[in-house]
Each structure stands twice: as structure tokens, then as C-alpha cells.
Amino acid sequence: MDRQNSYESVSDFAISKFKESLLNDEENHFNLMEDYNFPHWIEITDKVQSVWLKSYSDKLKIYNDDSQIDTLFNQFRTYMSKIMSKRSEYQALKKYIDYVIEFRINQIRTASFDDENDQKENVNNDENINKLALKAVVKLDALNLKPIKDLNSDLSLKKQEYIKNMNLFVVENLIRAHSKDGNINDNTTLVTDVAFEIDQEHVFGFLDNIPKYTNLFATCGNNIVNIIDSETGKIIKRFNDDLLMNRNKESFNCLAWSILNKNVSVLACAGAHGQIKIIVPKYSSCFSRIDAHTAPITCLLFHYKYSDILLSASDDNTIKIWRISLKEGSSDLDSECSNELLNTIQIGDNQTKTKETIFSMCFVSNDYFLIATRNNIYNIKLSDEILFGQKFDSPMEIQNESMTNEDVINFMTSKPKTKEYLTATPTKMIGISAQNMIYEELIIANKIIYYKDILFANLLNSNFVYIINISSELNEFNEENLVLKVVSNIKVDEGKSTEINKINLYKEEDSIIILKSSSDGNFYLIFLNETLDNYIRSMRYITPTDYVIKPYSDPGKKTNIKNYGLMEKPSVISTVYNSKVLISVTNQNMIVTLRKP
């Protein structure tokens, strides 16, 4: 074994071992490197390849000019160095890491031009690091069963049995609970949102951790918020926002659940008044009213990592970031809920007063936050420092591994606030045609959901769900920009959905289930495998228009639905699932619960 001290630097020694490993068989590659404290060269080249395929390879297809190609590879080289510089060993091994990066980039550049018809060419016959072909775009056909790839036969049978069982849901309850002025014949009120209560065992802090839910769910519409037991169909809590201070009645648009103090469920709801109401179901009253915005609130979202951080989006072109605190007492009379405004995000052009209706918000990887509006998808980077309105000379000031999420929040909010006003910027979006041509695409979605590096976007006024890869690139100022690339789509029905028809996502077994609602009285269950590269099946459920059912108000009495004031083909606004019960809400003041018998 060569002695390291015979070389001028650690990097020189690492480079020599890298060159030796290239000459040895693949079996010995890792053994050679494990004898020394270096990052393995295959680890580095795999990272280079991954970034190239995700963010740069598609651009090469549309560049013909040599100067454009040189610029592309220079940008790629700079970006890779920026990524690797975040590693703790980078400074000591900079020469070695840069050498391996350059080696791999040269391989990529050579292979990219050797044969346009064969992008799998291997420069050094190394199958592990020279697979350069783009992954084919997955074409998903509606209402078809696709082969289940990468699964053994036993698991495939299990999957098929699972999907078969998901076809057994039957209507259990029809609940009319948002009537205007108590009119039971009201069949025009929209039930604008529905959400299951998050189970107290849910662990906050992980972006891909889809919550488990309890049997309780909340609905909002008109000036009423209901909390309902899905097991019985009974309303267990109701919040009715009547006339206050000579104002018109509230009209609720959205709601969101979270957990405070580790075991207390809270429900935030908001609507036309621009006010957020905080409801604690264990008590009997609305705990807090936050005068949050100067226009209607359209969307609420609790932070995936910090359960007491709430984001509210409004037609006043802003998103506000709040910290919600609950001081518990023995009853609601001696309990207290408080709030603190941490920061504000501006959407759109404030100078020209361009109105941006915000439909949906979600967090994605690398601290990015996406906002779907009527005109665009905006993004902003929300690191902890930005989220809490702080500015530090060194980010190491908050990188104490022993700090819990609660410790981080307390530390952040104890610091003086910056006066900077945050601005979200439009996101670059591209698509791939059937001929593998790259083109700019404008994605207008009324609901976006992130899971495992994939963004699901429900297109506005369309019957498509887009599957989108998220990547980044460096601009001419060497700044990182987010890029959304459409890689596939799912078409689930023939008629177009409207802006009120949403999607939701749930994970069960080894399937990802997208629940898509439509304007023709249907909602669909779309199954994908867990790697999100294979569409399995779409299943349609028709909201009943002629059905004998037990009304929630009198379980002992059967009523024909036609006498219950239900018109044909209601528009299904949203559908949610908690592994036992499907809940669907409509524009005809109707909540439908479905259960497997």
C-alpha cells in the first residue's frame, strides 16, 4: 500500500488511488477506497450524472452553437463545484473532488456527441457510471391497467387484490350540514374544503411523511365549520360564525389541521373576511381570531416541520407566516391561544396591483416553497432563517444537532426581526413533446402536492394531472433557479374539471393514491407504485343521485335521495381518505361518506 506522506497533499494521494482504481476490476473499487478516508469516486460521479440528467442533459438537445454548449458545460461544472463544496471534507480534498468531477464531465461530453442514436455508449465500458440515456417519458392512459413493473409475482397478486378491495366502497351517509339559515332544502351551498384530523402519533419534521389520520374530519362552507365522526356520521362540534359587529356572515374557503403542545389537535379555518379562526376541538369555543389579511383568504397550510407555524394565502397578494401558541388550562375559560406574525411573502407585481388568486401551497425539497396561482407557479426559498424573519452572520449559529424543532423555534423567535419583505418569483417550467423536444410550458394548477421529489399538479379547468420533476440550474448571475419539468400526465375523465375540483394524495400499502374530483359527479382513485414511475389503475366513483340512505339526522329513517334535494351530477369539490372511509364533498351542500362493507 502506498504511503500517503510520500505525496505533496492528501488530494494528490487521493487522485493517485482514483487512477489506480480505474485500472482494477469493479469488485475491488470500494476495497481500495475504504482503506482511506476519501469519498469514493463512484459516489462523486453518480452525483455528477444525476445532476446532469436532471437539470442539464435536455438542454443539450436544443443547443447547436458551440459557444452555447461551452456555456452549458461551464455552468454545469460551476454548479457541481457549488454542490460538493457543502461537504465537510471539500476544502481538504478540493483538488481530488474537482479532478473526479472534471473526469466525469469529459466522459459525458464525449459520449453525448459520439453517436446521436445511441445515448447509452460507455466511454470506458463501465456500466455503473456511463449510462447516459434519458429516462423515457411515461405515458399514462386513463382507466387502463398497466403492467406492474419491478415487482415479483406474489406482490403483484397482493397489489391486484388490494385494488380489487378498493372497488368495494359503498355510500354509507349523506350529510347536509352547511345550509344557509338552517334551510335543509338548500342544495346550492358549496362545501369548500374537507380534511381529516392528523393523528397525534404523526412525527413532524419529514417532508415525505404523509400523516396518518383519526376518524374525525372537518368540513367548511357558508359560515359553518363542522367536525364530524366518520364512524357514525354524527356532527360532534359545530362552529357557526354569525353576524359580528354589523359585518356580513363569514364564508369559509379553507381549513387545515395541526397538533400543538405535542397532543392537542387544532383546526385553522378562514374565508372571505380575511380572518383566521383557531378552533380547539377539545374545548367548546373558537380560541383565537387573527385579523390576517385585507382580502379573502384562499388557502391555509401548516409547516411540515414546525407544527405551530401556519401560512395563510390571500387575494391581497400576500402569504403570511404565523406562529400559533396555545396555553392550556383546565377549561376553555382559563386557556389562551396567541399568535405572532413572523414574515410576509409578496406574490405577483405589487406595483401594477396584478391580482393573483392563490389556489394551493406546498413545501418541496431544499427549503423551496411553491405557490400555485391563477397565472403561474411561484417559488421562494424558505430556510429557517428566512421563515422566522432572521438574518445571521453564520448559519452555523443554529446548527446544533441536539436542538429539537421547538428549541429552534424558540431560538429563532428570540432574535430581532429583519425588515426585509420577501418576494416569490415565477418558476421556470418546461415540457417534453412526443418527439423529445424541449419547450416552455405554462402550468396553471389549482392544487399542487409534493411527494418524494415529484410534484403532482391538478391542472386548472382540465382533466389532467401533471407529474413534474423538480430540479435547479444556475442563471447568468451564478444564482440557483428552480425548474419544473413535466415528465408525464394522467387523464382520468373526458369532461373538464373546474377550478373548484381538487386532488389529494394518500399512501397505503405500497401504493400512492391520488384522489381526483371532477365536475361531472365523479371522483377517481388513481394508483401509482411507490417509485412513482408506473401508473397502475384509475377507478371511478359516481356520486349518487338516486339512492336510499340513512340520513345523519335520523339513522332509523330511510329517505330517498331525490327527496333530499340533490340535483343531478353535482360537482365534487374534494375527496379525502383515512384508510377506512372516503369522504367526498360537493357544490350541492352535500357530504358523502363511503366505506368498504
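In summary, of the residues considered (T318, N376, N317, N375), a side chain to side chain donor-acceptor pair (under 3.5 Å) with E356 occurs for N375 alone. A side chain to side chain contact (heavy atoms under 4.5 Å, CB included) with F369 is found for exactly one of N379, L387, I319, namely I319. Paired with S517 under the rule side chain to side chain donor-acceptor pair (under 3.5 Å), one option of N522, N504, T575 passes, and it is T575.
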Practice problem: Begin from the C-alpha positions of K502 and N458 and carry the test side-chain hydrogen bond (donor to acceptor under 3.5 Å, both in side chains) through to its verdict. | Solution: CA-CA 7 Å; K502 303 173 184 176; N458 190 52; over 6 Å; no

Quiz item: Does the salt bridge (Lys or Arg N to Asp or Glu O under 4.0 Å) test come out yes or no for E508 and K580, once each step is laid out?
Solution: CA-CA 11 Å; E508 187 175 54; K580 297 178 182 178; over 6 Å; no

Quiz item: How far apart are the C-alpha atoms of S251 and N223, what are their side-chain angles, what is the distance that settles it, and do they pass the side-chain hydrogen bond (donor to acceptor under 3.5 Å, both in side chains) test?
Solution: CA-CA 5 Å; S251 179; N223 65 326; over 6 Å; no

Exercise. Could you please spell out the steps behind the side-chain contact (heavy atoms from CB on, under 4.5 Å) verdict for L525 and L515?
Key: CA-CA 5 Å; L525 305 185; L515 303 103; 3.6 Å; yes

Exercise. Kindly determine whether I278 and R289 satisfy side-chain contact (heavy atoms from CB on, under 4.5 Å), including the steps that lead there.
Key: CA-CA 7 Å; I278 304 296; R289 297 173 186 268; over 6 Å; no

Exercise. Kindly determine whether D193 and N253 satisfy side-chain hydrogen bond (donor to acceptor under 3.5 Å, both in side chains), including the steps that lead there.
Key: CA-CA 7 Å; D193 206 359; N253 295 324; over 6 Å; no

Quiz item: Can you check side-chain hydrogen bond (donor to acceptor under 3.5 Å, both in side chains) on T188 and D186, steps first, answer last?
Solution: CA-CA 6 Å; T188 60; D186 173 13; 3.2 Å; yes

Exercise. Show your reasoning for whether side-chain contact (heavy atoms from CB on, under 4.5 Å) applies to L190 and I500.
Key: CA-CA 9 Å; L190 274 69; I500 65 173; 4.2 Å; yes

Self-check item: Test side-chain contact (heavy atoms from CB on, under 4.5 Å) applied to V280 and C337, step by step
Solution: CA-CA 9 Å; V280 182; C337 185; 5.8 Å; no

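In this structure, the side chain of Y466 does not engage the main chain of I468 through any donor-acceptor pair within 3.5 Å. Counting only distance, with no hydrogens or angles, the side chain of N587 and the backbone of S571 share a donor-acceptor pair below 3.5 Å. Under the 3.5 Å distance criterion, the side-chain polar atoms of N226 are left unmatched by any main-chain donor or acceptor of I228. At distances below 3.5 Å, not a single donor-acceptor pair connects side-chain atoms of R176 with backbone N or O atoms of N187. Judged purely by atom type and a 3.5 angstrom limit, T593 has no side-chain atom pairing as donor or acceptor with the backbone of L582. Judged purely by atom type and a 3.5 angstrom limit, D453 has no side-chain atom pairing as donor or acceptor with the backbone of I470. No donor-acceptor pair under 3.5 Å is formed between the side chain of N173 and the backbone N or O of I175. When atom types are taken as modelled, the side chain of T298 and the backbone of I358 share a donor-acceptor pair closer than 3.5 angstrom. A donor-acceptor pair under 3.5 Å is formed between the side chain of S307 and the backbone N or O of I259. Of the possible polar contacts, none joining the Q275 side chain to the A292 backbone as a donor-acceptor pair under 3.5 Å is found.
Of all the heavy atoms in F169 and L594, the pair that sits closest is CD2-O, 3.6 Å. Among all heavy-atom pairs drawn from S312 and H293, the shortest one is OG-NE2, 2.8 Å. When all heavy atoms of Y451 and K507 are compared, the closest pair comes out as OH-CD, 3.2 Å. Y378 and A424 get closest at one heavy-atom pair: CD2-O, 3.6 Å. S230 and I583 get closest at one heavy-atom pair: CB-CD1, 4.4 Å. Counting all heavy atoms, side chain and backbone alike, P211 lies closest to I198 at CB-CG2, 4.1 Å.
Pairs of residues two or more places apart, or lying in two chains, that qualify as side chain to side chain donor-acceptor pair (under 3.5 Å) and include a residue from residues 210-222 are H178-T219, E197-T214.
Side chains of V572 and V585 form no contact here, defined as non-hydrogen atoms less than 4.5 Å apart. Put simply, the side chain of D241 reaches to within 4.5 Å of the side chain of F252, judged on heavy atoms. Considering only heavy atoms from C-beta on, L382 comes within 4.5 Å of L422 through its side chain. A heavy-atom distance below 4.5 Å is not found between the side chains of L341 and N339. Using a 4.5 Å cut-off on side-chain heavy atoms (C-beta onward), Y450 and L207 make contact. Side-chain contact between D229 and L216 is present, with at least one heavy-atom pair separated by less than 4.5 Å. With a 4.5 Å cut-off on side-chain heavy atoms, L505 and F456 count as touching. Here the side chains of L459 and I444 are not in contact, with every heavy-atom distance at 4.5 Å or above.
Distance check: I309 CD1 to L301 CG gives 11.5 Å after rounding to the nearest 0.5 Å. To the nearest 0.5 angstrom, I449 atom CD1 is 7.0 Å from S360 atom OG. Between I297 atom CD1 and I276 atom CD1 the span is 4.5 Å, to the nearest 0.5 Å. Taking CG of L455 as the start and OG of S365 as the end, the distance is 10.0 Å to the nearest 0.5 Å. Remark: T425 OG1 to I347 CD1 distance equals 9.0 Å, nearest 0.5 Å. Rounding to the nearest 0.5 angstrom, the gap separating the CG atom in N463 from the OH atom in Y524 is 9.0 Å.
Taking the six-membered ring for Trp and thresholds of 30 and 60 degrees, F204 and H202 have ring planes more than 60 degrees apart, a perpendicular arrangement.
Side-chain contact annotation: S314 with D316, donor-acceptor N/O pair under 3.5 Å present. Using modelled atom types and a 3.5 Å distance limit, the side chains of W257 and S265 yield no donor-acceptor pair. One side chain, N589 or S179, offers a donor N or O that lies under 3.5 Å from an acceptor on the other.
Here F196 pairs with F217 under the ring pair (Phe, Tyr, Trp, His ring centres under 6.0 Å) rule; sequence neighbours left out.
The pair R323-D308 meets the salt-bridge criterion, with a side-chain N (NZ, NE, NH1 or NH2) lying under 4.0 Å from an Asp/Glu carboxylate O.
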